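So the structure is just underneath, and the comments pick up after that.
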Amino acid sequence: MTKNIAVIEHPLVAHYLTILRDKQTPSSEFKQNIDRLSYILASIFYSTLKTEKVSVATPLKITTGEKVAHSVILLPILRAGLGLTRGFIDLFPNIRISHIGLYRDEESLKPIKYYFKFPPIKDKKDAKIIILDPMIATGGSVIFTLEYMLNMGFKDISVISLLAAPEGLKAIENRFNIKERKNFHLYTCSIDEKLNEKGYIVPGLGDAGDRIFGTL
Ligand code: PRP
Ligand code: URA
């Protein structure tokens, strides 16, 4: 594994993830716990942001404060990526939100795009893109989205996930030669054992989108 790929070690992450893995966890609790995880992941990610000095007038005097220096764009992969958005939006309300809709073809497991909406961005060089996809299985959905963002001219891209299969991580590494990339980071809460014959992560947590939206 390269250092661009980080496995987040945090007692609460492990705790909430175990609740998500449990097949007895109902959709209502699943949503609640994925929300909690989203706040922790957001605060870990946001600790990497750079700030710039600004002047601020307190009620007593003018002093120097700091402001986030990046334009940050959140890009959840529909549907399941929506489940990870709350913490990112609540902790940084200036974030801009775009969406990409992908579903996996059940036979080929290849991603099919059905939606894309992106805000107009003036300075792509300084923008940070955060791709949210709770499950990296074959890696196809993340690879598709990364290619899309690189083709649009973005350079600083992070992927945030809950679970990743070794097969998916390998595919991402092979496709993007990420050891050589400065501004690429992938955070996951666990690298699981493997993919099964249907492309599900094992042990995994099942179908994230279905469990978030109660479409089982
Ligand atoms: C799931 C999941 C990921 C994708 C991962 O989406 O939410 O986006 O599969 O698989 P991959 O790494 O093999 O591409 P799904 O197609 O089930 O759509 P959904 O989020 O609408 O349920
Ligand atoms: N998508 C999911 O939601 N779960 C998996 O295990 C694989 C892909």
Side-chain angles (χ1 to χ4, degrees), residues 1 4-5 7 16-31 33-35 37-38 41 73-88 97-118 129-150 157-176 178 184-216:
M1 237 12 82
N4 308 49
I5 298 182
V7 180
Y16 297 138
L17 199 53
T18 303
I19 296 172
L20 297 186
R21 286 189 192 276
D22 187 342
K23 67 178 183 186
Q24 308 282 11
T25 301
S27 182
S28 54
E29 258 180 66
F30 194 91
K31 277 199 282 283
N33 284 285
I34 205 169
D35 274 348
L37 276 165
S38 75
L41 295 175
I73 299 151
L74 195 61
L75 179 58
I77 302 181
L78 306 180
R79 287 175 305 169
L82 287 176
L84 282 175
T85 53
R86 182 176 289 209
F88 285 85
I97 304 156
S98 54
H99 297 92
I100 185 161
L102 301 178
Y103 70 87
R104 291 201 310 177
D105 176 79
E106 282 183 14
E107 292 292 312
S108 68
L109 300 180
K110 298 271 179 262
I112 315 282
K113 176 164 94 47
Y114 59 89
Y115 187 76
F116 185 67
K117 185 83 182 168
F118 210 79
I129 306 287
I130 312 170
I131 297 172
L132 298 179
D133 187 354
M135 312 299 279
I136 299 175
T138 64
S141 303
V142 162
I143 289 172
F144 184 97
T145 309
L146 280 168
E147 264 165 5
Y148 220 86
M149 291 299 105
L150 290 169
I157 309 175
S158 296
V159 176
I160 313 255
S161 78
L162 293 181
L163 303 184
E167 294 88 333
L169 292 180
K170 192 104 209 96
I172 296 168
E173 280 188 67
N174 290 345
R175 174 65 190 81
F176 297 103
I178 60 179
F184 173 82
H185 296 278
L186 186 151
Y187 302 82
T188 187
C189 302
S190 168
I191 300 176
D192 274 13
E193 275 167 47
K194 59 173 185 180
L195 286 184
N196 73 8
E197 63 293 344
K198 291 190 171 148
Y200 275 84
I201 300 173
V202 179
L205 52 74
D207 189 306
D210 282 345
R211 296 193 69 187
I212 293 166
F213 295 106
T215 46
L216 288 163

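Not measured: the values here are computed from a predicted model. We count ligands from 1, going down the list as the structure has it; atoms in each ligand are counted the same way.
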I'd like to check which ligand 2 atoms, numbered from 1 as shown, lie under 4.0 Å from a non-hydrogen atom of Gly199.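 Those qualifying, in numeric order: 7 (C).
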
In ligand 2, which numbered atoms sit nearer than 4.0 Å to a non-hydrogen atom of Ala137?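 Here the atoms of ligand 2 in question are 7 (C), 8 (C).
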
Which of the numbered atoms in ligand 1 are under 4.0 angstrom from any heavy atom belonging to Gly209?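 In order of number, 22 (O).
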
Go through ligand 1 atom by atom and flag the ones less than 4.0 Å from a non-hydrogen atom of Ala80.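 Every atom of ligand 1 under 4.0 Å from some heavy atom of Ala80: 7 (O), 20 (O).
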
Close side-chain approach of [X] and [Y], heavy atoms under 4.5 Å:
X      : Y      : answer
Phe30  : Leu20  : yes
Phe118 : Ile100 : no
Pro166 : Ile191 : yes

Does [X] reach the main-chain N or O of [Y] with its side chain, forming a donor-acceptor pair under 3.5 Å?
X      : Y      : result
Ser38  : Gly87  : yes
Arg104 : Gly140 : no
Glu167 : Leu195 : yes
Ser27  : Arg211 : yes
Asp133 : Ser161 : no
Thr138 : Gly168 : no
Arg21  : Pro203 : no

Considering only protein heavy atoms, which is closest to [atom], and at what distance to one decimal place?
atom                    : value
atom 18 (O) of ligand 1 : Leu102 O, 4.0 Å
atom 5 (C) of ligand 1  : Met135 O, 3.2 Å
atom 13 (O) of ligand 1 : Thr138 OG1, 2.5 Å
atom 6 (O) of ligand 2  : Ile201 N, 2.8 Å
atom 5 (C) of ligand 2  : Tyr200 CD2, 3.4 Å
atom 17 (O) of ligand 1 : Asp207 OD2, 4.0 Å
atom 3 (C) of ligand 1  : Asp133 OD1, 3.1 Å
atom 22 (O) of ligand 1 : Arg79 NH2, 2.9 Å
atom 8 (C) of ligand 2  : Arg104 NH2, 3.5 Å
atom 1 (N) of ligand 2  : Met135 CB, 4.0 Å
atom 10 (O) of ligand 1 : Arg104 CD, 3.2 Å

Could you tell me whether ligand 2 has any atom less than 4.0 Å away from a heavy atom of [X]?
X      : value
Gly206 : yes
Arg211 : no
Ala165 : no

I'd like to know if [X] and [Y] make a salt bridge, using a cut-off of under 4.0 Å between side-chain N and carboxylate O.
X      : Y      : result
Arg86  : Asp35  : yes
Glu106 : Lys198 : no
Asp210 : Arg79  : yes

So Tyr187 and His185, would you call those rings parallel, tilted or perpendicular, with 30° and 60° as cut-offs?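 Rings of Tyr187 and His185: tilted, as their planes differ by 30° to 60°.
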
Residue selection (non-hydrogen contact nearest atom 12 (O) of ligand 1) among Ser141, Gly139, Pro134, Gly83: Gly139

With heavy atoms under 4.0 Å as the rule, classify the contact between Ala208 and ligand 2 as side chain, backbone, both or neither. both

State whether the shortest distance between N or O atoms of Ala137 and N or O atoms of ligand 1 falls below 3.5 angstrom. yes

Taking distance alone, with no angle check, do Asp210 and ligand 1 share an N/O pair under 3.5 Å?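 In fact, backbone or side chain, Asp210 has no N or O that close.
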
Under 4.0 Å and counting heavy atoms only, is there anything from the protein next to atom 1 (C) of ligand 1?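 False for atom 1 (C) of ligand 1.
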
